[in-house]
Q: 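Take this structure first; my questions come after.
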Amino acid sequence: MPIWLMPLMIPIEFISNILVRPVSLSLRLFANMFAGHILLLVFVTGGEYMILHSGSIALGGVGIVTLLMGLAIAGLELFVQCIQAYIFVVLTAQYIGSAISDEH
């Protein structure tokens with residue numbers, strides 16, 4: 001690399017490796033967790049409302065099905081969290097490996 005490019009490349013590499021990559025990993029993990037929790041909240045509160053406050057036997061049955069779907073969503077959320085944790089670890093290891101490689 002030419003020496004005159006060093007003042008431009010050093011800040012770009014610093015911002016890319018130190019700021020952008022950890023923030024992108026954290027935002028990915030947060031967004032997946034937040035979406036799962038919101039979906040779980042909708043199913044559980046909807047089922048609770050249909051069972052306790054609807055005043056209809058048919059909606060009470062739908063509320064029970066909704067609560068069971070909430071349990072299924074909780075299992076799916078646990079699965080997604082395990083996958084996201086694995087992706088987080090693999091990408092972090094790859095980022096660290098590329099930062100300490102011989103090219104740098």
Side-chain angles (χ1 to χ4, degrees):
M1 175 182 331
I3 196 76
W4 58 272
L5 278 178
M6 292 297 274
L8 180 64
M9 291 303 294
I10 290 173
I12 290 174
E13 285 292 319
F14 176 78
I15 289 171
S16 172
N17 290 329
I18 304 300
L19 299 177
V20 174
R21 287 182 179 176
V23 168
S24 70
L25 285 174
S26 300
L27 285 176
R28 176 195 312 237
L29 191 60
F30 171 75
N32 279 304
M33 290 177 66
F34 186 71
H37 282 69
I38 292 296
L39 190 60
L40 189 60
L41 179 71
V42 166
F43 272 96
V44 170
T45 56
E48 184 268 336
Y49 181 79
M50 286 186 214
I51 291 172
L52 298 179
H53 304 292
S54 67
S56 170
I57 294 176
L59 284 179
V62 172
I64 291 172
V65 171
T66 305
L67 285 177
L68 292 175
M69 285 300 294
L71 287 174
I73 294 295
L76 178 66
E77 186 177 359
L78 181 65
F79 176 69
V80 168
Q81 299 308 318
C82 290
I83 289 174
Q84 287 300 314
Y86 175 73
I87 290 171
F88 191 89
V89 167
V90 167
L91 286 177
T92 301
Q94 192 270 331
Y95 291 159
I96 291 171
S98 68
I100 62 173
S101 67
D102 290 336
E103 291 86 30
H104 286 97

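Values reported hereafter were calculated over all heavy atoms of this structure, with side chains retained and with hydrogens, waters and symmetry mates removed. Values in this document were obtained by computation on a predicted structure and should not be read as measured data.
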Q: Is it true that L40 and I64 fall in one hydrophobic cluster, defined by side-chain heavy atoms closer than 4.5 Å?
A: yes
Q: Provide the closest heavy-atom pair for M50 versus L59 in the form atom of the first, atom of the second, distance.
A: CB-O, 3.4 Å
Q: Is it the case that one hydrophobic cluster holds both I51 and V62, taking links as side-chain heavy atoms less than 4.5 Å apart, direct or via other members?
A: no
Q: Is there a donor-acceptor pair closer than 3.5 Å between any side-chain N or O of H37 and the backbone N or O of M33?
A: yes
Q: May I ask whether L8 and M6 are part of the same hydrophobic cluster, defined by side-chain heavy atoms of I, L, V, M, F, W, Y residues being less than 4.5 angstrom apart, directly or through others?
A: yes
Q: Could you grab the distance from atom CG of L71 to atom OG1 of T66, nearest 0.5 Å is fine?
A: 11.5 Å
Q: Identify the two heavy atoms, one from S54 and one from G60, that lie closest to each other, and give their separation to 0.1 Å.
A: OG-N, 4.1 Å
Q: Is the side chain of S98 donor-acceptor paired with the backbone N or O of Y95 at a distance under 3.5 Å, no angle test?
A: yes
Q: Considering only distance and modelled atom types, tabulate donor-acceptor pairs under 3.5 Å from the side chains of residues 23-31, sequence neighbours left out.
A:
from: S24; atom 1: OG; to: V20; atom 2: O; distance (Å): 3.4
from: S24; atom 1: OG; to: R21; atom 2: O; distance (Å): 2.9
from: S26; atom 1: OG; to: P22; atom 2: O; distance (Å): 2.9

Q: At what distance, to the nearest 0.5 angstrom, does CD1 of I15 lie from CD1 of I10?
A: 12.0 Å
Q: Report the distance from atom CG of L39 to atom CE of M69, rounding to the nearest 0.5 Å.
A: 8.5 Å
Q: Would you mind reporting whether I38 and F34 have side-chain heavy atoms less than 4.5 Å apart?
A: yes
Q: Are I57 and V65 connected in a single hydrophobic cluster, I mean Ile/Leu/Val/Met/Phe/Trp/Tyr linked by side-chain heavy atoms less than 4.5 Å apart?
A: no
Q: Which pairs would a plain distance check flag for residues 80-93, meaning a side-chain donor or acceptor within less than 3.5 Å of a matching protein atom at least two apart in sequence or in another chain?
A:
from: Q84; atom 1: OE1; to: N32; atom 2: ND2; distance (Å): 3.1
from: T92; atom 1: OG1; to: F88; atom 2: O; distance (Å): 2.7

Q: Heavy atoms only: give me the nearest F43-L67 pair and the separation to one decimal.
A: O-CD2, 4.5 Å
Q: Do I12 and I3 sit in the same hydrophobic cluster, where Ile, Leu, Val, Met, Phe, Trp and Tyr count as joined when their side-chain heavy atoms come under 4.5 Å apart?
A: yes
